[in-house]
Amino acid sequence: MLQAVQIQHVQPLLGQQRTLHLPDGTALPIRIEHLDEVPAAKTRYSERMPFCLEFNSLVPTDFVDGLCALELPELGRVEDIFVSRVPALGRDPQLGYFCISFN
């Protein structure tokens with residue numbers, strides 16, 4: 001299922017509030033903030049253009065990284081998406097900032 005995720009599945013979510021389903025089964029409210037194609041990460045045999053999705057939690061969280069699930073338009077609930085936390089870098093340190101790399 002992860003190979004089916006394309007940037008156009010995620011674009012409609014920009015600026016929206018969604019729910020990230022964490023590995024422990026809890027639901028984390030998030031806001032989708034940024035989406036970037038990463039052409040330099042494209043391999044010769046890959047059909048998908050790699051992209052990175054950035055989002056932040058709307059509530060404080062201790063979650064750092066792991067396999068999560070997210071509802072995507074046209075695809076439904078996509079499981080086993082690896083989510084990584086990134087540094088707050090001057091943003092609200094109470095919230096969590098994350099990225100997903102789709103290569």
Side-chain angles (χ1 to χ4, degrees):
M1 176 65 100
L2 286 176
Q3 279 69 12
V5 179
Q6 302 285 330
I7 196 167
Q8 62 266 23
H9 294 122
V10 183
Q11 282 174 327
L13 303 180
L14 284 173
Q16 289 189 10
Q17 293 183 15
R18 305 302 280 189
T19 299
L20 182 69
H21 302 278
L22 302 181
D24 67 0
T26 60
L28 180 65
I30 61 168
R31 181 184 341 273
I32 308 295
E33 294 291 341
H34 196 73
L35 182 62
D36 270 329
E37 286 187 332
V38 187
K42 187 166 181 7
T43 63
R44 181 177 359 171
Y45 303 108
S46 175
E47 294 180 23
R48 173 173 58 195
M49 175 61 72
F51 63 96
C52 181
L53 174 66
E54 296 176 12
F55 56 93
N56 60 271
S57 69
L58 297 175
V59 297
T61 181
D62 292 328
F63 176 68
V64 176
D65 61 24
L67 296 175
C68 299
L70 184 64
E71 295 282 336
L72 296 177
E74 299 179 39
L75 298 177
R77 184 174 169 133
V78 179
E79 304 275 348
D80 298 328
I81 301 172
F82 190 79
V83 175
S84 299
R85 192 166 188 147
V86 297
L89 299 175
R91 298 174 284 191
D92 185 345
Q94 295 295 316
L95 302 180
Y97 300 90
F98 303 94
C99 74
I100 302 171
S101 294
F102 291 91
N103 293 325

**Asked** Does the side chain of Thr26 come under 3.5 Å of the side chain of Asp24 through a donor N or O and an acceptor N or O?
**Response**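 Yes, Asp24 and Thr26 have a side-chain donor paired with an acceptor closer than 3.5 Å.
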Provide the closest heavy-atom pair for [X] versus [Y] in the form atom of the first, atom of the second, distance.
| X | Y | result |
| --- | --- | --- |
| Thr19 | Leu70 | O-CD1, 3.4 Å |
| Ala27 | His21 | CB-ND1, 4.4 Å |
| Ala41 | Asn103 | CB-OD1, 4.0 Å |
| Gly96 | Arg85 | CA-NH2, 3.2 Å |
| Ser101 | Cys52 | OG-SG, 4.3 Å |

**Request:** Quick one: list whatever passes side chain to side chain donor-acceptor pair (under 3.5 Å) with Gln16, sequence neighbours left out.
**Result:**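 Here the qualifying residues are Arg18.
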**side chain to side chain donor-acceptor pair (under 3.5 Å) partners for Asp62, two or more places apart** =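 For Asp62, no residue satisfies side chain to side chain donor-acceptor pair (under 3.5 Å) once neighbours in sequence are set aside.
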Is [Y] reachable from [X] through a run of I, L, V, M, F, W or Y residues, each pair having side-chain heavy atoms under 4.5 Å apart?
| X | Y | answer |
| --- | --- | --- |
| Leu13 | Leu58 | no |
| Val83 | Leu95 | no |
| Leu75 | Ile30 | yes |
| Leu14 | Val78 | yes |
| Tyr97 | Ile32 | no |

Looking at [atom1] of [X] and [atom2] of [Y], how far apart are the two atoms once the value is rounded to the nearest 0.5 Å?
| X | Y | atom1 | atom2 | answer |
| --- | --- | --- | --- | --- |
| Cys99 | Glu54 | SG | CD | 6.5 Å |
| Glu37 | Arg48 | CD | CZ | 12.0 Å |
| Phe55 | Ile100 | CZ | CD1 | 4.0 Å |
| Leu28 | Thr61 | CG | OG1 | 5.0 Å |
| Phe51 | His9 | CZ | NE2 | 9.0 Å |

**Message:** Using the rule side-chain contact (heavy atoms from CB on, under 4.5 Å), only one of Asp36, Ile81, Val10 pairs with Leu53; which is it?
**Reply:**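 That would be Val10; it is the only one of Asp36, Ile81, Val10 passing the side-chain contact (heavy atoms from CB on, under 4.5 Å) with Leu53.
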**Request:** With the side chain counted from C-beta on, respond yes when Met49 and Pro39 share a heavy-atom pair under 4.5 Å apart, and no when they do not.
**Result:**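 SC-SC contact between Met49 and Pro39 confirmed.
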**Prompt:** Just by distance, do the side chain of Glu71 and the backbone of Arg77 share a donor-acceptor pair under 3.5 Å?
**Reply:**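 Side chain of Glu71 to backbone of Arg77: a pair is present.
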